[in-house]
Amino acid sequence: MSQPGDRPGTPDPIGGTAHGGDPWTDGPTEVLGGNPDPRHETLVVPPWSPPRHEEAFVAQRPAWPPGPTQAGPPPGAGYPTQPQWSDRPVVVRRPDTLAGLLLLLAGLAAGTSLLVVWLHGGRSGMDLVRDGFADLSGDTWWIWATGSWQPLAVVLGGGVLFLIGLLLYVPAHTHRFLGALALLVTVVVAAGVLVPLSEADWDVDRYAVGGWLGVAVAGLGFLGALKALMTGPKIGRRL
């Protein structure tokens with residue numbers, strides 16, 4: 001009695017095909033009903049099977065030589081070691097508001113003195129200034145002999161102090177030059193006030209409102225000039 005699997009092409013009871021002597025059919029076959037674990041499945045590639053596309057591409061790809069490494073710049077070349085901005089102290093520009101205010105008040109006092117009487121029983125400041133310009137246009141020596149230069153010194157000096165006070169509001173490193181100029185003008189104004197007072201034996205009772213305004217011009221001018229001279233430059237830091 002023949003057993004299953006004795007004849008060629010007879011189905012194997014396990015699920016495969018028996019060897020029939022044909023080399024094209026005698027090969028590994030899938031076994032059904034075996035262990036379902038995929039780890040036991042083996043794929044056998046015939047020796048005449050061509051290589052896969054990926055493996056052929058890797059095998060035919062030329063080996064490119066590595067490119068040159070890009071070295072960075074040498075130390076200290078192109079990269080500054082110090083910041084572009086400077087951290088050194090700088091002198092700050094600023095106005096001198098207090099000195100400017102004092103000189104502006106001095107100029108206003110000189111202008112107001114033109115409208116009032118300087119000495120008791122005398123004339124107004126406008127009349128005295130008009131007489132001074134009349135003497136100045138004639139004989140120069142006469143203006144010193146009559147003393148008409150004194151009202152001119154007070155009024156014109158007050159006008160100059162007013163202009164200097166405006167310049168003190170302009171920001172600058174220092175206003176010492178303007179302070180020195182204001183001090184020089186104040187000396188002239190003080191001379192126009194003190195000389196007639198000394199000739200009157202320092203009798204201050206002779207002065208009316210205009211005379212005291214002349215004293216205010218000299219006092220305010222001196223304080224403003226001193227403030228501008230004593231204020232030095234302000235040191236700050238650059239941000």
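Since the model is a prediction, treat every value here as computed from it, not as a measurement. For the numbers below, each heavy atom of this structure counts, side chains included, while hydrogens, waters and symmetry mates do not.
How far CG of Leu136 is from CH2 of Trp144: 10.0 Å, rounded to the nearest 0.5 Å. Considering CG of Asp96 and NZ of Lys227, their distance stands at 3.5 Å, rounded to 0.5 Å. One distance of note links CG of Leu128 with CZ of Phe133; it measures 12.5 Å at 0.5 Å rounding. With rounding to the nearest 0.5 angstrom, the CG atom of Leu98 is 8.0 Å from the OG1 atom of Thr231. To the nearest 0.5 Å, atoms CG (Leu161) and CG (Leu183) are separated by 10.0 Å. In this structure, CG on Leu181 lies 10.5 Å from CG on Leu163, to the nearest 0.5 angstrom.
Applying the under-4.5 Å side-chain rule to Ile, Leu, Val, Met, Phe, Trp and Tyr, the cluster around Val209 extends to Val116, Leu213.
Contact record, Ala99 with Ala228: CB-N, 3.9 Å, taken as the closest heavy-atom pair. The two residues Gly158 and Ala110 come nearest to each other via the heavy atoms CA-CB, 3.6 Å. Closest of all the heavy-atom pairs between Ala109 and Ala216 is CB-CB, 4.5 Å. Pairing each heavy atom of Gly179 with each of Ala225, the nearest pair is O-CB, 3.4 Å. The two atoms that bring Arg206 and Ala200 nearest to each other are NH1-CB, 2.9 Å, heavy atoms only.
By the side chain to side chain donor-acceptor pair (under 3.5 Å) test, Ser148 pairs with Asp135, Thr146, sequence neighbours left out. Considering only residues two or more places apart in sequence or on other chains, Ala153 meets the side-chain contact (heavy atoms from CB on, under 4.5 Å) condition with Trp149, Val188. With sequence neighbours left out, Tyr169 forms a side-chain contact (heavy atoms from CB on, under 4.5 Å) with Thr97, Leu101, Leu104.
Side-chain heavy atoms closer than 4.5 Å link hydrophobic residues (I, L, V, M, F, W, Y) into clusters, and following such links, possibly through other members, connects Val185 to Leu167. Residues Ile164 and Val189 are members of one and the same hydrophobic cluster, defined by side-chain heavy-atom contacts under 4.5 angstrom among Ile, Leu, Val, Met, Phe, Trp and Tyr. One hydrophobic cluster holds both Leu194 and Ile143 under the rule that ILVMFWY side chains link at heavy-atom gaps under 4.5 Å. Linking Ile, Leu, Val, Met, Phe, Trp and Tyr residues whenever their side-chain heavy atoms come within less than 4.5 Å places Val217 and Leu178 in a single cluster. Under the 4.5 Å side-chain contact rule for hydrophobic residues, Val117 and Val215 do not share a cluster.
Within a 6.0 Å sphere centred on CZ of Arg94, other residues, nucleotides and ligands contribute more than 12 heavy atoms.
Residues Leu197 and Tyr207 have side chains in contact (heavy-atom distance under 4.5 Å, counting atoms from C-beta outward). Put simply, the side chain of Leu103 does not reach to within 4.5 Å of the side chain of Phe162, judged on heavy atoms.
Screening residues 112-131 for side-chain hydrogen bond (donor to acceptor under 3.5 Å, both in side chains) gives Arg123-Asp131, Ser124-Asp127, Asp127-Arg130 as the qualifying pairs, with residues at least two apart or on separate chains. Pairs engaging residues 176-203 under the side-chain hydrogen bond (donor to acceptor under 3.5 Å, both in side chains) rule: none recorded [sequence neighbours left out].
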